[in-house]
Amino acid sequence: MMAQVRTGREDTGNLYLGYKVKDSEDAYKYVEAKKVKNGNTEYYQASIDSIPSSELGTVYDMAFFQKTNDTYTQVTPVKTGSAYSYLYTLLSQSSSNDASKNLAKAFYLYAEAAKNYFSSIQN
């Protein structure tokens with residue numbers, strides 16, 4: 001799952017994406033954001049890797065944080081999302097082509113099958 005932000009402020013680097021399961025009391029986990037340039041637009045993006053296939057529907061609270069020494073300071077509002085958020089965007093955009101829509105549908109079916117399989121073997 002990927003998140004991105006334009007900073008709109010003095011760029012000092014050291015940006016991290018903080019994420020945790022939505023509304024949980026867990027501490028944020030952090031991944032370093034990387035600066036990306038697309039034409040004249042610069043922004044930071046970060047990916048949450050290694051989400052188990054059975055948990056692709058898990059909703060996360062996410063925000064970007066500035067790291068100074070060992071302290072993380074939140075610099076963007078908390079937003080929620082899951083791997084399914086991207087699928088929803090693909091399916092709801094009229095500009096998405098059939099191949100993208102079919103890929104989104106296949107990804108959803110794969111994630112649901114994994115969730116059902118793993119819940120059946122855990123019971």
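Looking at heavy atoms from C-beta onward, Tyr28 lies in side-chain contact with Val78 at the 4.5 angstrom threshold. Within the 4.5 Å cutoff, no side-chain heavy atoms of Val21 are placed close to those of Val59. Here the side chains of Val31 and Tyr19 are in contact, with some heavy-atom distance below 4.5 Å. Side-chain contact between Pro52 and Phe118 is absent, with no heavy atoms from C-beta onward closer than 4.5 Å. Side-chain contact check for Leu87 versus Lys105: every heavy-atom pair is 4.5 Å or farther apart. Counting heavy atoms from C-beta on, the side chains of Thr68 and Thr73 never come closer than 4.5 Å. A 4.5 Å side-chain heavy-atom check between Asp23 and Asp61 finds at least one atom pair inside the cut-off.
Between Lys34 atom NZ and Glu32 atom CD the span is 5.0 Å, to the nearest 0.5 Å. Remark: Asn69 CG to Asn14 CG distance equals 9.5 Å, nearest 0.5 Å. To the nearest 0.5 angstrom, Lys22 atom NZ is 14.0 Å from Lys79 atom NZ.
For Asn97 (side chain) and Ala99 (main-chain N/O), a donor-acceptor pair under 3.5 Å exists by modelled atom type. Side chain of Ser24 to main chain of Lys20: no donor-acceptor pair is present (N/O by atom type, distance under 3.5 Å, no hydrogens or angles).
Tested against Met62, the residues Thr76, Leu17, Thr80 include a single side-chain contact (heavy atoms from CB on, under 4.5 Å) partner, Leu17.
Annotation for Ala46 and Ala33: closest pair CB-CA, 3.9 Å, computed over non-hydrogen atoms.
A donor-acceptor contact closer than 3.5 angstrom is absent between the side chains of Thr41 and Asn38.
There is no path of hydrophobic side-chain contacts, each under 4.5 Å, that joins Tyr43 to Tyr16. Phe107 and Tyr88 fall into different hydrophobic clusters, where Ile, Leu, Val, Met, Phe, Trp and Tyr residues are linked whenever their side-chain heavy atoms come under 4.5 Å apart, directly or through other members.
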Show me the donor-acceptor pairs within less than 3.5 Å that the side chains of residues 110-117 make with the rest of the protein, sequence neighbours left out.
unit_1	atom_1	unit_2	atom_2	d
Glu112	OE1	Lys115	NZ	3.3
Glu112	OE2	Tyr84	OH	2.7
Asn116	ND2	Glu112	O	3.2

Task: Audit row: Glu42, Val36, side-chain contact (heavy atoms from CB on, under 4.5 Å) steps and yes/no - done: CA-CA 6 Å; Glu42 287 187 349; Val36 176; over 6 Å; no
- [ ] List the steps and the verdict of side-chain contact (heavy atoms from CB on, under 4.5 Å) for Leu15 and Val75.
- [x] CA-CA 9 Å; Leu15 273 184; Val75 296; 3.8 Å; yes
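Applying the ring pair (Phe, Tyr, Trp, His ring centres under 6.0 Å) criterion to Tyr30, with sequence neighbours excluded, gives Phe65, Tyr72. In terms of the salt bridge (charged side-chain N to carboxylate O under 4.0 Å, His left out) criterion, Lys67 has no residue partners (sequence neighbours excluded).
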